[in-house]
Number of protein chains: 2
Amino acid sequence: MSGTNTDMPAVIAHELPSPVPLDEIAACPVTDLFRRIGDKWSMLVVILLGKRAYRYNELHRSIEGVSQRMLTRTLRTLEDDGFVRREVYPSVPPSVEYSLTPLGVSLLAPLSALAEWAVANASPTSSGPTA
Amino acid sequence: MSGTNTDMPAVIAHELPSPVPLDEIAACPVTDLFRRIGDKWSMLVVILLGKRAYRYNELHRSIEGVSQRMLTRTLRTLEDDGFVRREVYPSVPPSVEYSLTPLGVSLLAPLSALAEWAVANASPTSSGPTA
DNA sequence: CTGTATCCGCATAGATACTG
DNA sequence: CAGTATCTATGCGGATACAG
């Protein structure tokens with residue numbers, strides 16, 4: 001550590017209003033949201049449930065490639081975060097229905113805006129800058 | 001493969017049992033976008049660069065907690081995806097300036113919408129419903 | 001100043017098997 | 001039908017050292 005260190009309390013002291021302390025980073029609502037639904041399956045499930053309610057195996061079959069473990073984890077997390085509601089019908093055989101909560105539905109709006117942007121700009125993946 | 005498979009051309013299926021093939025999942029623009037900027041630092045960098053151009057060490061100091069490795073990785077990926085522009089000034093000592101491309105700037109809009117939602121609904125983390 | 005190289009820990013994600 | 005349990009593989013993220 002060089003002694004020339006100016007003693008800035010965790011945040012640079014530019015004239016600009018963007019010091020971004022760790023505190024802010026952790027508190028950043030967008031980052032937080034992304035860390036919640038930014039995984040491989042969450043958003044897909046939310047979008048799917050945005051259309052109608054689904055049963056477990058129905059989801060499992062609908063989203064090909066997802067394992068039971070991952071589907072269950074995803075659903076549990078979404079439920080825990082208040083986006084998805086889980087209803088159990090004690091019938092024989094048992095059936096469990098998953099649906100979007102009002103919170104989950106409200107998320108679809110801003111998500112659509114982002115989706116539109118993504119579609120409009122296509123995935124820069126292979127369509128990289130021609131020059 | 002199963003002959004009962006109906007061939008749905010839409011990413012976000014429609015009303016009935018939608019198969020959501022792996023092909024479609026990979027093509028989902030939102031999922032794709034999330035996988036690109038949904039990591040720990042990308043979005044933060046984009047937002048920061050949305051204010052003004054930054055130099056490498058400036059970013060490094062501004063975002064406390066990020067390692068050189070991660071900052072470089074993040075910047076390289078963002079640059080590769082066309083969100084960030086990297087300009088090298090061969091001075092002594094050398095200086096590199098990072099700024100947002102028009103594409104990067106345009107991303108700020110839908111991102112803000114999502115941010116507003118996130119803020120409005122607070123993070124369900126600790127402010128969970130009644131709990 | 002602006003990076004790159006290497007090693008390591010941890011969380012995430014998948015495969016598989018088993019259960020109420 | 002609707003999960004849980006276990007094991008493993010991979011990648012992300014961080015620390016440290018070194019280089020142009």
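Chain letters run A, B, ... following the sequence lines, proteins first and then strands; every chain starts at 1.
Note: CG (B/Leu71) to P (C/dC1) measures 13 Å, nearest angstrom. The separation between B/Asp39 atom CG and C/dC10 atom P is 21 Å, rounded to whole Å. In this structure, the NZ atom of B/Lys40 is 11 Å from the P atom of C/dA11, given to the nearest Å.
The main-chain N or O of A/His60 is never found under 3.5 Å from a side-chain atom of A/Tyr54 such that the two would form a donor-acceptor pair.
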Seminar exercise, completed: A correct 5'-to-3' footprint of nucleotides 2-9 of chain C, with B, S and - meaning base, sugar-phosphate only and no protein heavy atom under 4.0 Å, is BBB-B---
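The shortest side-chain heavy-atom distance between A/Phe34 and B/Ile37 falls under the 4.5 Å cut-off. Residues B/Ser62 and B/Leu48 form a side-chain contact, since some pair of their non-hydrogen atoms from C-beta on lies under 4.5 Å apart. Within the 4.5 Å cutoff, the side chain of B/Glu58 has no heavy atoms near those of the B/Glu97 side chain. Considering only heavy atoms from C-beta on, B/Phe83 stays 4.5 Å or farther from B/Leu49 through its side chain.
Remark on the helix from C/dC1-D/dG20 to C/dG20-D/dC1: inter-end axis angle 40°, axes from five-pair C1' superpositions, rounded to 10°.
Using a cut-off of 4.0 Å between Lys/Arg side-chain N and Asp/Glu carboxylate O, A/Arg36 and A/Asp32 are scored as salt-bridged.
In terms of heavy-atom proximity, A/Glu87 sits nearest to A/Ser99 at OE1-OG, 4.2 Å.
Heavy-atom contacts of chain A under 4.0 Å fall on DNA chain D between two terminal nucleotides, which in 5' to 3' order are D/dC1 to D/dT6.
Every residue meeting the side chain to side chain contact (heavy atoms under 4.5 Å, CB included) condition with B/Ile47, not counting sequence neighbours, appears here in chain and number order: B/Met43, B/Lys51. Under the rule for a side chain to side chain contact (heavy atoms under 4.5 Å, CB included), the partners of B/Thr101 that lie at least two apart in sequence or sit in another chain are B/Arg85, B/Leu103. Residues that satisfy the side chain to side chain contact (heavy atoms under 4.5 Å, CB included) test with A/Val46, not counting sequence neighbours, are A/Leu78, A/Leu100, A/Leu108.
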